[in-house]
Amino acid sequence: MRLLNLWPLLSAATLATAGQHLPPRNYTTHDYYAVHISPSTSPSELASHLGLTYEGPLSSLAEHHVFKAPKHENDIVDDAQQDLKRRRRKREVGLESHPLDGVRFTQKQKIKPRHWKRSVIPELPKRAGPPVTEAIKAQREVAKQLGIHDPIFEEQWHIFNVKTPGNDINVTGVWTQNITGKGVTACVVDDGLDYDSADLKANFFAEGSHDYNDHENLPTPKLSDDRHGTRCAGEIAAGRNDACGVGLAYDAKISGVRILSGDITDIDEALAINYMMQKNFIYSCSWGPPDDGKTMQAPGILIEKAMVTAVQQGRGGKGSIYVFAAGNGAASDDNCNFDGYTNSIYSITVGAIDKNNQHPYYSEACSAQLVVTYSSGGGDAIHTTDVGANKCTSSHGGTSAAGPIGVGVYALLLEARPDLTWRDVQWLTVLTAVQFDQPSDWAKTSLDRMYSHQFGYGKLDAWAIVEKAKDWKLVKPQAWFWSPWLHVKKEIPETDHGLASVFEVTADMLKEANFERVEHITLTMNVEHNRRGDLMVQLISPTGMVSHLSTARRDDEAPYGYIDWTFMSVAHWGESGIGNWTVIVKDVITGNLKKGVFVDWKLRLWGESIDASKAKLLPIPGEHDDDDHDKIDDHPAHTTVVSVPAGTKPTITAIPSDHPDRPVNQKPSQTLANGAQKSAVTSPSATASSSPAENFLPNPFPTFGVSKRTQIWIYGALSLIVVFIAALGTYLFVARRKRLRDSRDSYEFEVLDDVEDREDTGMLGAAAGRKKRARRGGELYDAFAGESDEDLISDEEGDEGPYRDRDGGRYNEKFDEGEEESEDGASSGSSAGKR
Ligand SMILES: *[C@@H]1O[C@H](CO)[C@@H](O)[C@H](O)[C@H]1NC(C)=O
Ligand SMILES: *[C@@H]1O[C@H](CO)[C@@H](O)[C@H](O)[C@H]1NC(C)=O
Ligand SMILES: *[C@@H]1O[C@H](CO)[C@@H](O)[C@H](O)[C@H]1NC(C)=O
Ligand SMILES: *[C@@H]1O[C@H](CO)[C@@H](O)[C@H](O)[C@H]1NC(C)=O
């Protein structure tokens with residue numbers, strides 16, 4: 001039924017893909033515009049009116065078109081719109097229709113700051129214990145049975161671990177069922193793919209490939225550090241042959257889209273992220289905004305539209321699968337909820353564990369993380385294909401290497417069940433990921449699964465997910481429920497208390513929304529604060545489950561808090577959604593004169609519909625989604641503000657009592673990505689409910705010792721004053737919001753600029769000059785940072801000590817390994833921009 005409804009869309013998309021190849025863009029000579037116009041407007045007429053050149057439709061995005069003009073300072077389309085508006089106001093022109101009236105959205109393209117590849121400097125191999133003889137025997141038997149002769153197969157511990165049996169992806173039991181990725185194509189969006197490599201040649205899928213850096217058809221790696229994409233591709237689909245090792249889906253097809261090796265704009269990234277979405281099933285993305293603990297960056301609107309389009313129309317309407325690496329900034333307090341790619345409901349966020357099932361120092365935690373799998377750490381890394389005719393590497397690492405292992409598993413899953421939708425793939429992950437024996441903030445969810453912000457639902461198990469899929473009943477289409485904007489507008493206490501706001505979701509609201517049960521939760525919020533890194537946000541669901549939506553960041557000095565930022569959580573998967581949802585905002589660094597105001601928030605529940613026949617497709621995110629934002633006092637009755645104490649970090653505990661027989665790890669790596677403070681952490685759910693009395697209700701009114709009549713007069717006058725002040729406040733608030741939103745462009749510049757002082761961002765020079773990022777090395781703050789560092793050292797495995805150094809300097813001192821490592825070193829230290 002749902003498929004039938006999709007047919008018109010699908011054929012439109014197929015038509016649109018005919019225009020897939022726009023003429024190559026040249027950012028040295030031209031500026032480009034992405035413009036959304038009404039169907040009745042002619043793009044060429046608009047172009048000639050504005051003096052632009054029409055390049056063609058923007059691929060899959062309906063009614064979006066690309067225009068160009070020789071390089072120029074101003075914004076031609078916007079200026080023309082303003083000019084028309086002005087002349088109409090002055091009645092110089094009439095209201096008769098004008099080509100510009102058909103413009104619904106326009107964006108002059110800017111060169112994007114580079115994404116970071118999510119690889120890290122791998123550790124030197126540690127002399128590990130001897131392999132377990134039994135395990136070696138089993139490994140060789142499996143290889144023989146499957147006809148695997150690949151020379152480094154025996155080193156690929158992530159596939160079959162002979163030293164710590166069980167610490168692997170558990171895939172050989174899937175392969176022996178003849179499930180090896182046949183008929184599935186995965187696309188590595190990265191820095192290229194060496195399709196001449198003996199290990200990738202046979203599986204390479206040219207039709208699904210493109211180079212958006214050099215505007216060519218094939219994603220040829222050209223720069224000296226263009227190895228990242230090839231390594232990731234090898235993990236997914238290196239062939240069963242005489243070269244290197246095997247990929248997890250060694251009979252799958254693999255394509256490459258190159259975007260990380262040169263200047264691109266949002267147009268390029270939007271084209272790349274759903275390139276050939278009927279033929280590429282899964283997009284593997286091991287990159288993202290800088291993992292420096294001070295960036296907060298989301299995909300631009302064109303990219304968001306491209307992702308939603310792929311999820312609704314890609315793979316024959318079943319939805320493209322996006323896999324994103326969680327990020328490597330844990331040692332800098334980074335959190336994957338500050339990255340709008342990893343915290344999208346459309347992407348599966350994959351973090352890393354090392355071969356000892358331990359948390360590697362780099363892998364970021366967040367409530368949007370779904371699952372983890374193996375990567376570097378604990379003295380080894382991932383062994384896979386490298387650039388070159390027959391080259392292998394034994395040092396692929398970081399969350400960059402974890403994501404593609406997930407992609408390989410999903411390729412097997414889609415061979416077993418090609419009919420799974422993008423949400424079924426996430427459901428199966430939630431239901432089959434395996435909890436393991438590491439202390440973390442594991443908490444039991446409504447589905448009786450264990451969730452940790454550090455490890456998601458646990459480690460991916462290829463055999464378990466494919467088995468579960470075999471008789472899996474597809475979930476009903478997506479439904480959603482959105483709260484109104486909930487206005488809080490209260491100062492965040494400068495004490496160890498947090499500020500809470502509650503919204504009650506009733507059974508009727510969800511019934512009305514055709515909403516059966518929760519999958520993802522997103523929470524969009526505005527918090528004004530003059531030091532963003534001080535903030536921490538928790539969400540407590542009606543069942544008491546706590547999502548740590550944001551955590552404090554020691555290097556995040558941004559003086560503006562959160563502006564319309566959307567956090568995401570997968571920790572409430574399976575809940576009914578009915579009851580009180582409490583959000584708590586806390587300033588964890590008090591006494592530093594940095595404070596703020598919790599302005600407003602909006603809760604969105606995403607999940608399964610009750611009645612499939614009434615389900616609708618989510619409209620493609622538009623340009624005016626936020627229109628209800630300034631409506632003051634929607635549903636004021638649903639918000640109450642209470643002050644509650646709240647912990648600053650997720651509580652790290654040992655394995656819950658489900659596993660009483662298992663020894664708790666002797667060296668709890670209590671790092672939680674950032675060296676959690678040792679101070680006792682109270683359970684927020686308990687305290688939230690235990691102290692609702694401590695609220696902002698006024699004291700009993702004084703009588704002033706005068707007559708009732710006079711009292712009425714006094715209070716009447718007082719309330720008039722209050723009303724006046726409130727009105728003034730509202731006016732100032734709206735004006736301020738408008739200013740904030742108007743200045744959003746420059747705000748984005750500032751954030752991106754924070755990232756790194758790149759020499760090649762000449763275009764951003766003006767914005768850079770505007771940026772005043774005074775580093776406030778307040779003593780108090782330094783003291784705090786020092787404390788965390790100490791915790792980090794004392795709690796981590798000794799051998800991991802050097803790696804927590806964010807700029808890699810200490811590593812380089814210690815293990816100066818030359819070329820290969822300096823590539824990755826560059827990504828953490830300088831501007832190279834890959835993870
Ligand atoms: C852009 O155009 C200039 C001038 O014609 C040329 O030198 C340059 O190679 C072009 N760059 C690309 C990427 O095509
Ligand atoms: C790993 O796969 C085997 C079959 O090959 C299966 O018996 C076992 O239960 C799997 N492990 C987990 C944790 O599911
Ligand atoms: C595996 O599956 C493929 C295609 O489905 C089939 O051609 C091949 O014979 C199968 N191999 C075995 C060993 O069953
Ligand atoms: C939600 O909180 C309000 C106010 O504290 C309370 O009156 C209401 O009963 C709560 N609802 C539920 C379902 O607990």
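Count residues from 1 along the sequence. Keep in mind it's a predicted model, so treat the numbers as computed, not measured. When a ligand or atom number is given, it counts from 1 through the structure's own listing order.
With ring centers used as reference points, H453 lies 6.0 Å or more from F455. Ring centers of W573 and Y457: at least 6.0 Å apart, outside the cut-off.
At least one N or O atom of N26 sits closer than 3.5 Å to an N or O atom of ligand 1.
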Please tabulate, line by line, the atom pairs linking an N/O of ligand 2 to a protein N/O at a distance below 3.5 Å, with the distance in Å to 0.1, or answer 'none'.
unit_1: ligand 2; atom_1: 2 (O); unit_2: N170; atom_2: OD1; d: 3.0
unit_1: ligand 2; atom_1: 2 (O); unit_2: N170; atom_2: ND2; d: 2.5
unit_1: ligand 2; atom_1: 11 (N); unit_2: N170; atom_2: ND2; d: 2.8

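With sequence neighbours excluded, the residues that form a ring pair (Phe, Tyr, Trp, His ring centres under 6.0 Å) with H210 are H21, Y212, Y275. Applying the side-chain contact (heavy atoms from CB on, under 4.5 Å) rule to A206 yields the partners F204, L218; only residues at least two apart in sequence or on another chain are considered. For F205, there are no ring pair (Phe, Tyr, Trp, His ring centres under 6.0 Å) partners, not counting sequence neighbours.
Considering D266, D75, D31 as possible partners of K108, the one that fulfils the salt bridge (Lys or Arg N to Asp or Glu O under 4.0 Å) test is D31.
Below 4.0 Å from some heavy atom of K182 lie the following atoms of ligand 3, by number and element: 2 (O), 3 (C), 4 (C), 5 (O).
When only modelled atom types and interatomic distance are considered, Q177 and E467 share a side-chain donor-acceptor pair under 3.5 Å.
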